[in-house]
Number of protein chains: 2
Amino acid sequence: MRPTVNDIAREAGVSLATVDRVLNARPGVRAKTVMAVNEAIAKLGYVRDLAAANLARSRSYRMAAVLPDTESQFVQSLALALADAGSMAATSRVELDLLRFPAEDPHALATLLAALPGRGYSGVALMAPETPVLRDAVRGLRAKGLPVVALVSDLPNAGRDHFIGVDNRAAGRTAGVLMGRFLGGGPGQVLVLGSSLLARDMVERRRGFDEVILRDFPGLDTLPSLETHGSGALLRQVVTERLANAPGVRGIYAMGDGNRALTQVLGELGLSGRLTVICHELTPHARQALERGEITAVITQNLGHLARSTLRVLRAKADHLPLDEGQEQIRIEIVLRENLPLLSDSGQVSAVAAA
Amino acid sequence: MRPTVNDIAREAGVSLATVDRVLNARPGVRAKTVMAVNEAIAKLGYVRDLAAANLARSRSYRMAAVLPDTESQFVQSLALALADAGSMAATSRVELDLLRFPAEDPHALATLLAALPGRGYSGVALMAPETPVLRDAVRGLRAKGLPVVALVSDLPNAGRDHFIGVDNRAAGRTAGVLMGRFLGGGPGQVLVLGSSLLARDMVERRRGFDEVILRDFPGLDTLPSLETHGSGALLRQVVTERLANAPGVRGIYAMGDGNRALTQVLGELGLSGRLTVICHELTPHARQALERGEITAVITQNLGHLARSTLRVLRAKADHLPLDEGQEQIRIEIVLRENLPLLSDSGQVSAVAAA
DNA sequence: GTGTTTTTGAGGTACGTTCCTCATTTTGCA
DNA sequence: TGCAAAATGAGGAACGTACCTCAAAAACAC
């Protein structure tokens, strides 16, 4: 049998109350006694029964996940993955509320965040661009003892407790090496598309991509990034125009969203499957395009993993417990048609069902 | 507050005892009453508090992971990942014992397995080649109520409860498409190495690989598999010999173990970094070789994930609970130098430390 | 050595569930 | 209608921990 607090009390020759004081770092115990108890703990190999502890504390966790109200498939999939992880976590006294904010309104976001501490939350996961207003809001939350984790895109200067997502520079490098090798090193031109050149993620991806192409594939010519601002129409226009003027284009690197519009345009131009197309995020549509051969490779992150990780990290932070860093590291995944994961990851399934 | 069993009793107008009977599927409740209780459950959105339930049951789980006593880095890493997951799971009343069997002795394995039910285990995870003796042993375990999950390599005909690992055919296809694209479709020859042509995994990988090469890259010429039987010396010999006779070799697909010997040989022949080398399993050595550019790509599975998944599945099976299939699916990961995960995945770290 | 403060002990209640037992009510059947 | 069987209720103990109170003991200061 596993040792319990009673066993420790007996072993250390003290009372249960004293063991309890030591275990929970309550004051009023002599250093000597603390030592004795700790020795007993070590000797018996005691591990606190977390289930029983939480039960006794009758502690429960109410977390908030705050996402932009964008309708992009990526955010939708993420929301579903989070909701899913939340409902699974209900068995362990964790509740997750999904909150949305107007994508282009940092002040509305700040107001939303400011209201959270009053509503009984014990942690916040946040996906938002880092603005000065946001930085202050995050600091405010942390000042009130609410842990804040940044989701998908980091908030390094806001002093978040943790970042859950991938290193976008490395993701860009990965795209770069795939593009370079798939094109045999050149010669040829590569079109680069991004939603906005101001977004940190886009900048980092582009930097990583160029880094690799310049160093390892000098025969390739990467064109300046084209901004699509999340608009399908705009994407359509710039891509059509550019492809008409640049007959040497052999590859397209789509750093941002709009994969749907992209594959559509390529189809209309009769270029489906004739170019090497690399994009990010395995949304339901990207998956389809991959299956049909319209997209060559997708650089992605596992949203189910990301969602579960979010809950674990929030919980650990709320309890001031250490993390299992290895488990929380989100990997940069490369998906080709051949290693497309089966369509049974809960988040993805629901996303498709909802689409 | 979350509803409890008492709330359900009140809502359904029955006693706590009856609710308990329904919840735990105990006999002696009319169908009508069962319905009423279930309605109350649905109405209040009750979710059983697993922590409290397990506490009350004072249930604990003792699991066995049975691995061959091979010293390959892969098995070592797997063992460490399992040990690690086991120690993390100690907080949730799960204990994992690592057992080893002589790699080439199916009968010793069968004896080992037969002894398990008597030793208080409530589940077994097993990595072993499927032999007739093993099939019977597995059936014996299951007949005694012990769930059995196959690890890494499947035991489809032994009636295992679950398989935790990747689809090797798809892994081979993935290797194939990478090889094909990296070589620009040809012309050129590809050397294929495997530990043994009898092992199911090798056969499936080879089949997947050929499937893609034949269909999509007819310009490439894949040579017959060379067997290395886990021996570095043998690998060295056959590779040297083959490369001397076949100057057109531009790629090597290493399906089995022996990556260490392979990179060494290539180094000695002055071919490091000059060939496209694709292998399996991100062992510490493969990681190093990847960093140095001696290996181009590694097809792998996340051992930390695999280990945690094993424990979750064993536990779910022991309790006859459903699985979160999405969470348990092990993905086929493609690792290049550019998306090499940081060296903080517990299993990998320990593996390196131990190496 | 007295008085004060600090440390320790003893004991209880609570958390939400499981799993008993025994008594009582309801149901089905002859 | 009566009787056995089935269904339900009432209550309690247990799981391992947290957290509370009050009393007793020990350590400390002067």
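Computation of the quantities below employed the complete heavy-atom set of this structure, encompassing side-chain atoms and omitting hydrogens, waters and symmetry-equivalent molecules. Order of the sequence lines fixes the chain letters, A, B, ..., with proteins taken first and strands second; residue numbering starts at 1 for each chain.
- Of the residues B/Asn157, B/Leu146, B/Asp161, B/Leu126, the one that meets the side-chain contact (heavy atoms from CB on, under 4.5 Å) test with B/Val138 is B/Leu126.
- Among the nucleotides C/dT18, D/dA7, D/dT17, the one closest to any side-chain atom of B/Thr33 is D/dA7.
- Using a 4.5 Å cut-off on side-chain heavy atoms (C-beta onward), B/Phe163 and B/Val152 make no contact.
- A/Val166 and A/Ile330 get closest at one heavy-atom pair: CG1-O, 3.7 Å.
- In this structure, B/Arg21 and B/Ala52 both approach DNA chain C, and ranking their closest nucleotides by distance from the 5' end singles out B/Ala52.
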Exercise. Under the side chain to side chain contact (heavy atoms under 4.5 Å, CB included) criterion, do A/Gln301 and A/Glu333 qualify, and how do the steps go?
Worked result: CA-CA 6 Å; A/Gln301 47 197 326; A/Glu333 299 186 9; over 6 Å; no
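- Distances shown here put every side-chain N or O of B/Arg57 at or beyond 4.0 Å from the OP1 or OP2 atom of C/dC19.
- Distance A/Asn24 CG to C/dT8 P: 16 Å, rounded to the nearest Å.
- C/dG16 atom C1' lies 15 Å from atom CG of B/Leu44, rounded to whole Å.
- At least one side-chain nitrogen or oxygen of A/Arg30 sits closer than 4.0 Å to the OP1 or OP2 atom of D/dA27.
- When each of B/Leu16 and A/Ala17 is assigned the nucleotide of DNA chain D bearing its nearest heavy atom, the one mapping closer to the 5' terminus is B/Leu16.
- Panel note: side chain B/Asp20, backbone B/Leu16; no donor-acceptor pair is recorded below 3.5 Å.
- Contact annotation: A/Thr18 reaches the phosphate of C/dG9 (side-chain N/O to OP1 or OP2, under 4.0 Å).
- Listed pair A/Arg48 / D/dG16 fails the phosphate criterion, with no side-chain N or O lying under 4.0 Å from OP1 or OP2.
- Along DNA chain C, the nucleotide closest to B/Leu55 and the one closest to B/Arg26 are compared, and the more 5′ of them pairs with B/Leu55.
- In plain terms, the two heavy atoms of A/Val75 and A/Met127 that are nearest each other are CG2-CE, 4.1 Å.
- You'll find that the side chain of B/Ala56 is closest to D/dA14, out of D/dA10, D/dA14, C/dG9.
- Contacts with DNA chain C (heavy atom under 4.0 Å) in residues 4-12 of chain B: B/Thr4, B/Val5, listed by number.
- Side-chain atoms of B/Arg308 and B/Asn302 include no donor-acceptor pair closer than 3.5 Å.
- Straight-line distance from the CG atom of A/Asp20 to the P atom of C/dT8: 13 Å, rounded to whole Å.
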